[in-house]
Amino acid sequence: MKQAILSVGKGIDRAIDLLKTFTGYVIFLFMGLLCFQVMMRFVFKHPIYGIDESVTALMIWSMSLGWCTVYWDNEHAVLEFIMKKMPNWFRRIMFNITNLIILAITIAYIPASYTLFTMQVKMPPVGGLPFCKAYYYALPVLVMSVLMLVLSGYKAIAFLITGDESICAPVAQEGGSVVD
């Protein structure tokens, strides 16, 4: 059972790696567009209609998807220095409570973001994009909520079954540049 749970986690790891790469490209794109728009606005005095709204759309999508990757990698805020000093039973309880809270919040976000999407989809497009704001205000939150439901559900079940703290606690990883 533990092996099956851990193999599902490895599959999710691969999917999250792809999501990180995609999100990185989205951030690069919106930063490039933002820089271009600033130059067009202040240097050439001719801003391009629609770029500001495109940057907003890309930023919201990147932040929604980025939150999922941060959560999966346990890079969110944790009072790690306190948790390390606590007994094992206390850490297990806290990790289970945290998983359940995130799971409950995520479950609440799904109908709320769907309701917001259905309300906004009836509005006409504004700001230069050919589609309404529902596709970049509410839809990213709905997608994030569904992804978080899968991720937090997995973490809650996997931690209960395996007891492996690396599922819920930050793990020191190598970072930075590789120099040959």
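Just so you know, residue 1 is the first one in the sequence shown, and it goes up from there.
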Checklist entry - Should Asn96 and Lys155 be marked as a side-chain hydrogen bond (donor to acceptor under 3.5 Å, both in side chains) after you check the CA-CA gap, both sets of side-chain angles, and the distance that decides it? => result CA-CA 9 Å; Asn96 282 316; Lys155 280 189 174 194; over 6 Å; no
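- Heavy-atom minimum distance, Pro111 versus Ala108: CD-O, 3.4 Å.
- Summarising the geometry, atom CG belonging to Leu58 is positioned 12.5 Å from atom CZ belonging to Phe28; distances are rounded to the nearest 0.5 Å.
- Here the straight-line distance linking atom OG1 of Thr56 with atom CG of Leu34 works out to 9.0 Å at 0.5 Å rounding.
- Clustering ILVMFWY residues whenever any of their side-chain heavy atoms sit less than 4.5 angstrom apart, transitively, puts Ile97 in the very cluster that holds Phe95.
- Grouped with Leu160 in a hydrophobic cluster is no other residue, since no side-chain heavy-atom contact under 4.5 Å to another Ile, Leu, Val, Met, Phe, Trp or Tyr is found.
- In this structure, Leu151 and Thr106 have side chains that are not in contact, with every pair of non-hydrogen atoms separated by 4.5 Å or more.
- In terms of modelled atom types and a separation under 3.5 Å, the side chain of Thr69 and the main chain of Gly66 share a donor-acceptor contact.
- Hydrophobic cluster membership is shared by Val43 and Ile51, with clusters built from Ile, Leu, Val, Met, Phe, Trp and Tyr side chains linked at under 4.5 angstrom.
- Rounded to the nearest 0.5 angstrom, Ile157 CD1 and Leu103 CG are separated by 8.5 Å.
- The shortest side-chain heavy-atom distance between Ser54 and Leu129 falls under the 4.5 Å cut-off.
- Met1 and Leu6 are not part of a single hydrophobic cluster, where members link through side-chain heavy atoms under 4.5 Å apart.
- The two residues Thr115 and Thr118 come nearest to each other via the heavy atoms O-OG1, 2.8 Å.
- Looking at Pro130 and Pro125, their side chains never come closer than 4.5 Å, going by heavy atoms from C-beta outward.
- The aromatic rings of Tyr135 and Phe131 stand perpendicular to each other, their planes meeting at an angle above 60°, with 30° marking the opposite boundary.
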Checklist entry - Going through the distances and angles, do Trp61 and Leu139 end up as a side-chain contact (heavy atoms from CB on, under 4.5 Å)? => result CA-CA 9 Å; Trp61 270 104; Leu139 188 59; 3.9 Å; yes
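- Across all their heavy atoms, Ser145 and Ser113 have their closest contact at OG-OG, 4.2 Å.
- With a 6.0 Å radius and a threshold of 12 heavy atoms from other residues, nucleotides or ligands, Met123 has its CE atom at or below the threshold.
- Minimum interatomic distance between Ala158 and Ile5 (heavy atoms only, all atoms of both residues): CB-CG2, 3.4 Å.
- By the neighbour-count criterion of 12 heavy atoms within 6.0 Å, atom OH of Tyr137 is densely surrounded, having more than that number from other residues, nucleotides or ligands.
- A donor-acceptor contact shorter than 3.5 Å links the side chain of Gln37 to the backbone of Ile48.
- Among residues two or more places apart in sequence or in another chain, the side-chain hydrogen bond (donor to acceptor under 3.5 Å, both in side chains) test is passed with Arg41 by Asp52.
- Distance OG1/Thr23 to CG/Leu18: 10.5 Å, rounded to 0.5 Å.
- Taking the six-membered ring wherever Trp is involved, the centroid distance between the rings of Trp72 and Tyr154 falls below 6.0 Å.
- Hydrophobic clustering (ILVMFWY, side-chain heavy atoms < 4.5 Å, transitive): Ile105 and Ile110 are in one cluster.
- Note that CD1 of Ile27 and CE of Met63 are 4.5 Å apart. Values are rounded to the nearest 0.5 Å.
- Residues Val150 and Phe159 fall into different hydrophobic clusters, defined by Ile, Leu, Val, Met, Phe, Trp and Tyr side chains chained together at heavy-atom separations under 4.5 Å.
- With a 6.0 Å radius and a threshold of 12 heavy atoms from other residues, nucleotides or ligands, Met31 has its CE atom at or below the threshold.
- Residues Leu65 and Leu147 are in side-chain contact: their nearest non-hydrogen atoms beyond the backbone lie under 4.5 Å apart.
- The distance from the NZ atom of Lys133 to the CE atom of Met119 is 13.5 Å, given to the nearest 0.5 Å.
- Note that Lys20 lies outside the cation-pi zone of Tyr25, set by a 6.0 Å cut-off to the ring centre and a 45° limit from the axis.
- Side-chain atoms of Asp164 come within 3.5 Å of backbone atoms of Ser166 as a donor-acceptor pair (strictly under, hydrogens ignored).
- Considering only heavy atoms from C-beta on, Leu142 stays 4.5 Å or farther from Leu116 through its side chain.
- Take Glu53 and apply the side-chain hydrogen bond (donor to acceptor under 3.5 Å, both in side chains) test, not counting sequence neighbours, and it matches Tyr136.
- Here the shortest heavy-atom pairing between Met144 and Ser64 reads CG-O, 3.4 Å.
- The two residues Gln120 and Ala134 have their closest heavy-atom pair at OE1-CA, 3.3 Å.
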